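Notes follow the structure.
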Amino acid sequence: MNCNCLSRPTVLHTPSNLTAPTRASHLPGRSVSETNHKSTMTKSLPPVVTRFAPSPSGFLHIGGARTALFNWLFTRHHGGQFRLRIEDTDRARSSDEAIAAIIDGLTWLGLDWDDEVFYQSSQQARHAEVAADLLAAGKAYKCFATPEQLKDMREAQKAAGQPIRYDGRWRDRDPDEAPQGAPFVVRLRAPQNGQTVIDDKVQGKVVVKNDQLDDMVLLRSDGTPTYMLSVVVDDHDMGITHIIRGDDHLSNAFRQRALYDALGWAAPSFAHIPLIHGADGAKLSKRHGALGVEAYREMGYLPAALRNYLLRLGWGHGDAEIISADEAVKLFSLEGVGKGPARFDFKKLDALNAHYMRHGDPAATVSAAAPFFETKLGRPLDGDQRALLETALPLLSERAKTLRDLVSGGGFLFAERPIEPDEKAQEVLTDEARKILARLVPQLEALERWDAETLGQAIGAFAETEGLKLGSIGPAVRGALTGGTASPGIFEVLALLGRTESLARLRDQAI
RNA sequence: GACCCCAUCGUCUAGUCCGGUCUAGGACGCUAGCUUUUCACGCUAGAAACGGGGGUUCGAAUCCCCCUGGGGUCGCCA
């Protein structure tokens, strides 16, 4: 697979990091020249510029997050620029909350973008101007067909078993035939013969006959640009070199390609990555399991784990499974992206999350876990408690898949006395067991050192003098200390809780 | 319906481009055993896939065709 991107002419693009970051500086608009400038920049290859262009009508869902990740990885791998563009052309369906959620989600995942956020709606005038130019050049035309007429047309086509597409009724008709002042849309006069070939970086060579494509709407009857026009103009103006996006845009690419050609612009490279499906194999949509990334955060997943999981979903590199962000940047390539859709599997995400909790950066895990503990406790963790959490982390994470599991397994650390043993613990804390506890307490009180090893020896010796096996006193100690029947080893728990608290909890249950 | 895309264990994938080293590898999950103060972790072992049919070839998971199955798109949404 060769990279024809290297020979693509680039647009003259002001390095945005050199301009003052004013409110308007990220609006290239008509200041962008269309001059091909390859000769003056021969020594450096055209830089890679990618973009993630979500529509702010929902939240950053998992599929979008992966698209962003792949763009980010590809860009960082090539040392290029990764831009964030909010496709808010449809103002009615856009919301500030959605924009905030997208930005929060990307930030949480550690996907940083270059330059300021670009808002597509800020370019409407530019888009309309491009359409006007096309109209003037005869490459676009006015279509006076009403929505009702088009609806009828489609129904007729469907009834006749014909392909559904605009029939070109105004393509060659004299605009003067339309009623005076009638509303119209502007459509692209797309080629009707021949074929269009897109050498997709993931899907390979894809060919579509031009007679399959109809004349798409560029400008709505209210004069606003459609998505199809906006993306092409913005991608061009922003100097985007590689468009990496969901598979669902593959057919759009052919229409957009026609627009590029009409405009005389070189099209960027395309890479259409497969969509993510739910565990049942059905498409992951907003109403079917497609959660926003914040939902994964709330479920207790670490960003590093989710990122690693998303990376491996649809991309592979030999047997590599655990891949750090740095390694991913080094290894990532579009060639490694699979062509088929992948199903989302929580079990594997769990496994990855467990790995990162156990072997990742402890400080990051503690920071991520703290809010979960605080929510559970209803109060903030103080410095000592945070430190306690950090020392307990290795023990706790061995028993957890998510940060939530950390809370359910480590809640005893911050529980307030007297601890209420749960049902199972109560069964273990028989009168007999409580008496044993009473005899154990003085033995522990006498200890000079209070660490797991010393405690282990002391309790072992106690068991021996009592003529008991460790297994018959352990559960009671655990029940008294944690209020439950599952926890890290009791010696470790004793050490974690400290002498004062441990003894107090044991006395609470002893009789 | 039309057009386009895809197809290896239950799931994610390696291998496919450059046919033989594939009695198809890894990971998650699953099963069994070991370890063990509980729960886990860990370790060991195991079950588990080239959708079907035709070709091409000495030889095909790998190349070609058809079928089947999945998916996407067909808006004055993005």
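Everything numeric in this text was worked out from a predicted model, so none of it was measured.
- For A:R189, the salt bridge (Lys or Arg N to Asp or Glu O under 4.0 Å) partners at least two apart in sequence or on another chain are A:D172.
- Base pairing analysis places B:A27 opposite B:U11; the two distances defining the Watson-Crick or G-U wobble pair are each below 3.5 Å.
- Heavy atoms of A:N252 sit under 4.0 angstrom from at least one base atom.
- A:V185 comes within 4.0 angstrom of a base, heavy atoms only.
- Taking atom CZ on A:F346 and atom C1' on B:G29, their separation rounds to 15 Å, with Å as the unit.
- With sequence neighbours excluded, the residues satisfying side chain to side chain contact (heavy atoms under 4.5 Å, CB included) with A:R165 are A:P163, A:Q212, A:D214.
- Closest to the side chain of A:R358, from the set B:C3, B:U13, B:C41, is B:C41.
- You'll find that the side chain of A:T226 is closest to B:C76, out of B:C28, B:C76, B:U73.
- Among the atoms of the strands shown, none is found under 4.0 Å from any heavy atom of A:A476.
- Partner assigned to B:U57 is none, using Watson-Crick or G-U wobble distances below 3.5 angstrom.
- A search for side chain to side chain contact (heavy atoms under 4.5 Å, CB included) contacts involving A:A325 returns A:R307, not counting sequence neighbours.
- The side chain of A:I164 lies closest to B:G75, out of B:G75, B:C41, B:C76.
- No side-chain donor-acceptor contact under 3.5 Å links A:R343 to the backbone of A:G278.
- A gap of 24 Å separates the C1' atoms of B:G54 and B:C17, to the nearest Å.
- At a threshold of 4.0 angstrom between heavy atoms, the contacts of A:H272 with the nucleic acid are absent.
- Look at A:K347 and you won't find any side-chain N or O under 4.0 angstrom from OP1 or OP2 of B:G29.
- Comparing B:U68 with B:G26, their C1' atoms are spaced 30 Å from each other, to the whole Å.
- B:G20 and B:G15 have their P atoms separated by 13 Å, given to the nearest Å.
- Distance NZ (A:K142) to P (B:C76): 19 Å, rounded to an integer number of Å.
- Partners of A:P191 by side chain to side chain contact (heavy atoms under 4.5 Å, CB included), not counting sequence neighbours, listed by chain and number: A:N210, A:A258.
- Base contact: A:E321 has a heavy atom under 4.0 Å from a base atom.
- The residue A:G314 sits close only to the backbone: its heavy atoms come under 4.0 Å of sugar-phosphate atoms, none of a base.
- Checked by atom type and distance alone, the side chain of A:N308 never pairs as donor or acceptor with a backbone atom of A:A304 at under 3.5 Å.
- Map A:S397 and A:F254 each onto its nearest nucleotide of RNA chain B; the residue landing nearer the 5' end is A:F254.
- Whole-Å rounding puts the A:R165 CZ to B:G75 C1' distance at 15 Å.
- Here A:Y309 pairs with nothing under the side chain to side chain donor-acceptor pair (under 3.5 Å) rule; sequence neighbours left out.
- The backbone N or O of A:F184 lies less than 3.5 Å from no partner atom in the side chain of A:S221, so there is not a single donor-acceptor pair.
- Checked by atom type, the side-chain pair A:H127/A:D234 shows a donor-acceptor distance below 3.5 Å.
- Under the side chain to side chain donor-acceptor pair (under 3.5 Å) criterion, A:E453 pairs with no residue at all, not counting sequence neighbours.
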- Task: If a protein heavy atom is under 4.0 Å from the base, mark B; if only from the sugar-phosphate, S; if neither, -; do that for nucleotides 32-39 of chain B going 5' to 3'.
- Result: -----BBB
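- Between the CE atom of A:M216 and the P atom of B:C74 there is a distance of 13 Å, rounded to whole Å.
- Remark: C1' of B:U13 and CG of A:L311 are 12 Å apart, rounded to the nearest angstrom.
- In summary, the side chains of A:H242 and A:T50 do not present any donor paired with an acceptor at a separation below 3.5 Å, with no hydrogens or angles considered.
- For the P atom pair drawn from B:C4 and B:C18, the interatomic distance equals 24 Å after rounding to whole Å.
- The side chain of A:D248 lies closest to B:U73 when the candidates are B:U73, B:C12, B:C41.
- Spacing between B:A48 and B:C30 at atom C1', rounded to whole Å, works out to 9 Å.
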Using nucleotides 14-24 of chain B, report all nitrogen or oxygen pairs with the protein that are shorter than 3.5 Å.
none

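- Rounded to whole Å, atom C1' of B:C4 lies 14 Å from atom CD of A:Q195.
- For the P atoms, the distance linking B:C67 with B:G1 amounts to 14 Å, nearest Å.
- Mapping A:H359 and A:F344 onto RNA chain B by nearest heavy atom places A:F344 closer to the 5' end of the strand.
- By the salt bridge (Lys or Arg N to Asp or Glu O under 4.0 Å) test, A:D215 pairs with A:R171, sequence neighbours left out.
- Counting only N and O atoms by type, the side chains of A:Q457 and A:T454 include no donor and acceptor under 3.5 Å apart.
- Annotation: cation-pi geometry not satisfied between A:R85 and A:Y119 (NZ/CZ under 6.0 angstrom from ring centroid, within 45° of ring axis).
- The phosphate of B:G10 has neither OP1 nor OP2 within less than 4.0 Å of any side-chain N or O from A:K348.
- If you measure from atom NZ of A:K339 to atom C1' of B:C6, you get 8 Å, rounded to the nearest angstrom.
- Nucleotides B:C3 and B:C58 place their P atoms 37 Å apart, quoted to the nearest Å.
- Distance CZ (A:F118) to P (B:A78): 15 Å, rounded to an integer number of Å.
- Within the nucleic acid shown, A:E87 comes within 4.0 Å of sugar-phosphate atoms alone, with no base atom in reach, counting heavy atoms only.
- Among residue pairs with one or both ends in residues 482-497 of chain A, those qualifying as side-chain hydrogen bond (donor to acceptor under 3.5 Å, both in side chains) are A:R478-A:S487; sequence neighbours excluded.
- Residue A:R154 places at least one side-chain N or O under 4.0 Å from the OP1 or OP2 atom of B:G75.
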Review item, nucleotides 63-70 of chain B N/O atoms under 3.5 Å of protein N/O:
none

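- For A:S221 against B:C76, a side-chain N or O and a base N or O form a donor-acceptor pair under 3.5 Å.
- With a cut-off of 3.5 Å on both Watson-Crick or G-U wobble distances, the partner of B:A2 is given as B:U73.
- Residues passing the side chain to side chain contact (heavy atoms under 4.5 Å, CB included) test with A:L468 are A:I436, A:E466, A:S472, A:I473, sequence neighbours excluded.
- Residue A:R255 places no side-chain N or O under 4.0 Å from the OP1 or OP2 atom of B:U73.
- Looking at heavy-atom distances under 4.0 Å, A:V477 makes no contact with the nucleic acid at all.
- Out of B:C41, B:G10, B:A78, the shortest distance to the side chain of A:Y227 is found at B:A78.
- Counting any heavy atom pair closer than 4.0 Å across all strands shown, A:K151 reaches no nucleic acid atom.
- Taking atom P in both B:G53 and B:C39, the straight-line distance is 48 Å, to the nearest Å.
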